[in-house]
Amino acid sequence: MLDIKLIRDNPELVKKDILDRGGKDTGVVDRVLESDVRRREMLVEVEELKHQRNKASEEIAALKKEGGDASGIVGRMKEISEKIKSIDSRVRDVEVDIRTLMLEIPNVPDGSVPTGLDEEANIEIRLSGEAPNFTFKPKAHWDLGEELDVLDFERGAKIAKARFTLLKGAGALMERALINYMLDMHTTEHGYTEVFPPILASPASFEGTGQLPKFSEDMFWCRNDDLLLIPTAEVPVTNIFRDEVLKEAELPVKYTAYTPCFRREAGSYGKDVRGIIRQHQFNKVEMVKFVHPDTSFDELESLTADAEEVLSRLGLHFRVVALCTGDLGFSAAKCYDLEVWMAGAGEYKEISSCSCFTDFQARRANIRFKPSDGGKPRFVHTLNGSGVAIGRTVAALLENYQLDDGRVVVPPALQPYMHGMTVIEKPANPI
RNA sequence: GGAGGGAUGGCAGAGUGGACGAUUGCGGUGGUCUUGAAAACCAUUGAGCCGCAAGGCUCCGGGGGUUCGAAUCCCUCUCCCUCCGCCA
């Protein structure tokens with residue numbers, strides 16, 4: 001949520017940002033402004049009445065103490081009380097209207113974000129590593145996975161539905177190994193504290209991070225219990241501090257979490273239909289930071305570096321892309337995507353998204369810190385990034401480390417997490 | 001699922017109709033003392049909104065009600081805790 005003062009003082013900027021993001025409805029800004037004016041007019045009126053009431057209450061108390069008769073003044077106050085009640089309820093209605101509108105307005109992009117409506121305008125920041133050379137035509141991971149009997153798409157779809165996959169044998173082991181490999185790196189080398197949060201979260205938590213109310217269609221709901229399956233650990237982990245006040249000295253707080261993630265992928269029919277790139281359920285290690293406002297964009301750089309390290313050490317080739325205004329997530333002020341090379345598909349695929357949300361989420365979730373100098377509480381800045389998506393890493397490893405005989409090499413960094421396994425081959429008696 | 005208890009400031013925890021925006025303790029900040037620190041002592045310290053300001057208004061889990069006036073009384077919702085039952 002934006003600061004209403006920003007909308008008041010600079011409505012044209014907010015409108016421009018909405019258009020830059022590819023939004024069409026800048027009318028919300030005007031509707032917020034109209035309601036804001038009405039709210040303040042009513043406040044002036046009702047506060048004057050309340051002032052009268054408070055004065056009268058004092059008089060009545062004084063009169064009663066002296067045993068005097070207060071019936072006249074009491075009668076007049078009855079009328080004023082009724083008036084207050086009716087204006088108060090109108091003020092509340094307008095405030096609800098304003099909040100409802102404000103929740104639909106996206107964050108303001110940072111000045112360094114390239115302007116553009118789609119991914120064409122994204123800017124490649126750097127490349128890391130090199131794409132492997134093959135003397136043969138590399139296969140797609142879904143073919144490799146089925147041939148090695150580590151991915152079973154048929155069974156996954158039978159158990160649940162399409163876009164659910166059954167991992168088997170070395171595939172399941174690699175999934176688990178990657179989780180541990182990433183968590184260990186972030187906790188022992190990058191200074192994050194590991195947490196394991198609830199996988200279902202309340203609508204209030206979803207509103208705090210910006211997934212609700214706007215993206216309700218993308219979520220799996222448990223309607224009977226008014227809970228939602230999380231689409232990313234960002235939701236529960238950021239909400240750890242909802243409605244809390246941290247001490248300035250406690251910042252930055254850095255958490256990392258492994259969780260399953262659930263997305264309905266509404267509107268992505270026909271995209272990445274094969275393989276494990278786009279699943280309704282996938283695993284992810286996430287990093288979340290709560291930081292001082294002065295440091296947030298530096299923290300974004302180091303967060304991104306932390307994610308890059310995961311890929312570098314696995315020997316994967318990737319590029320870092322700065323997203324343009326149109327590609328930026330709703331809550332983000334700035335975002336880098338890490339796109340890993342997929343040898344089989346011959347293209348880069350997003351494997352991590354590292355974002356700085358400035359105070360946008362903190363305002364919605366009411367996460368503040370108390371300055372050490374004793375000043376008023378201020379909103380923290382929040383950041384998060386995948387560190388990284390597990391399923392897509394499995395796909396990348398299969399495709400980039402495949403041999404001409406269909407086996408797949410396990411990179412050295414992962415071997416200790418896979419009982420020393422150096423190569424994945426088809427089991428003798430697959431079942 | 002059944003029975004009961006609770007929700008007050010950064011935290012803990014008093015407060016049963018007007019003198020309470022709220023006793024007190026902890027924590028925070030400033031100071032005295034000290035070579036420095038700790039301890040001790042003194043002072044100070046809630047948040048939000050409206051307003052150029054002076055100042056005003058609101059807030060004791062949410063909503064509604066009673067009343068001239070509600071942290072306090074009534075209704076309702078949510079959440080938390082305890083005991084019993086069931087279950088990993």
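Just so it is clear: chains get the letters A, B, ... in the order the sequence lines come, proteins before strands, and each one is counted from 1. Quick caveat: nothing in here was measured; it's all calculated off a predicted structure.
Taking atom CG on A:L49 and atom C1' on B:U58, their separation rounds to 15 Å, with Å as the unit. Taking atom CG of residue A:D243 and atom P of nucleotide B:A47, one finds them 16 Å apart after rounding to whole Å. The distance from atom CG of A:D88 to atom C1' of B:G64 is 13 Å, rounded to the nearest whole Å. Counting to the nearest Å, the P atom of B:G63 and the CZ atom of A:R92 are 7 Å from each other. One can place CD1 of A:I73 at 15 Å from C1' of B:U67, the figure rounded to the nearest angstrom. Atom C1' of nucleotide B:G46 and atom NZ of A:K370 are separated by 7 Å, given to the nearest angstrom.
Under the Watson-Crick or G-U wobble criterion, with both distances below 3.5 Å, B:A70 is left unpaired in every strand shown. Nucleotide B:U78 has B:A7 as its partner under the Watson-Crick or G-U criteria, with both atom distances under 3.5 Å. Pairing partner, B:A40: B:U32, with both Watson-Crick or wobble hydrogen-bond distances short of 3.5 Å. The pairing partner recorded for B:G1 is B:C84, the criterion being a Watson-Crick or G-U wobble arrangement whose two distances lie under 3.5 angstrom. Judged by Watson-Crick or G-U wobble contacts below 3.5 Å, the nucleotide B:A19 has no partner.
With A:T209 contributing its side chain and A:S205 its backbone, the two residues share a donor-acceptor pair below 3.5 Å.
A close approach under 4.0 Å does not occur between any side-chain nitrogen or oxygen of A:K50 and OP1 or OP2 of B:G56. For A:H51 and B:G56, the shortest distance from a side-chain N or O to OP1 or OP2 is not below 4.0 Å. Regarding contacts with the backbone of B:G28, every side-chain N or O of A:S372 stays at 4.0 angstrom or more from both OP1 and OP2.
In this structure, A:R364 does not pair ionically with A:E207, as no charged nitrogen and carboxylate oxygen lie closer than 4.0 Å.
Residue whose closest nucleotide on RNA chain B sits further toward the 5' end, between A:R8 and A:N54: A:R8. Of the residues near RNA chain B, A:V74 and A:V245, the one whose nearest nucleotide (by heavy atom distance) lies more toward the 5' end is A:V245.
Among B:G18, B:C57, B:C50, the nucleotide with an atom closest to any side-chain atom of A:R39 is B:C50.
By the neighbour-count criterion of 12 heavy atoms within 6.0 Å, atom CZ of A:R31 is densely surrounded, having more than that number from other residues, nucleotides or ligands.
Residue-level contact check: A:R363 touches neither bases nor backbone, having no heavy atom under 4.0 Å from any strand. At a threshold of 4.0 angstrom between heavy atoms, the contacts of A:L43 are confined to the sugar-phosphate backbone, with no base atom among them.
A:I18 is not listed as a side-chain neighbour of A:D25, based on a closest heavy-atom distance of 4.5 Å or more.
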Decide yes or no on side-chain hydrogen bond (donor to acceptor under 3.5 Å, both in side chains) for A:D337 and A:S353, but give the supporting numbers first. CA-CA 4 Å; A:D337 272 4; A:S353 202; 2.7 Å; yes

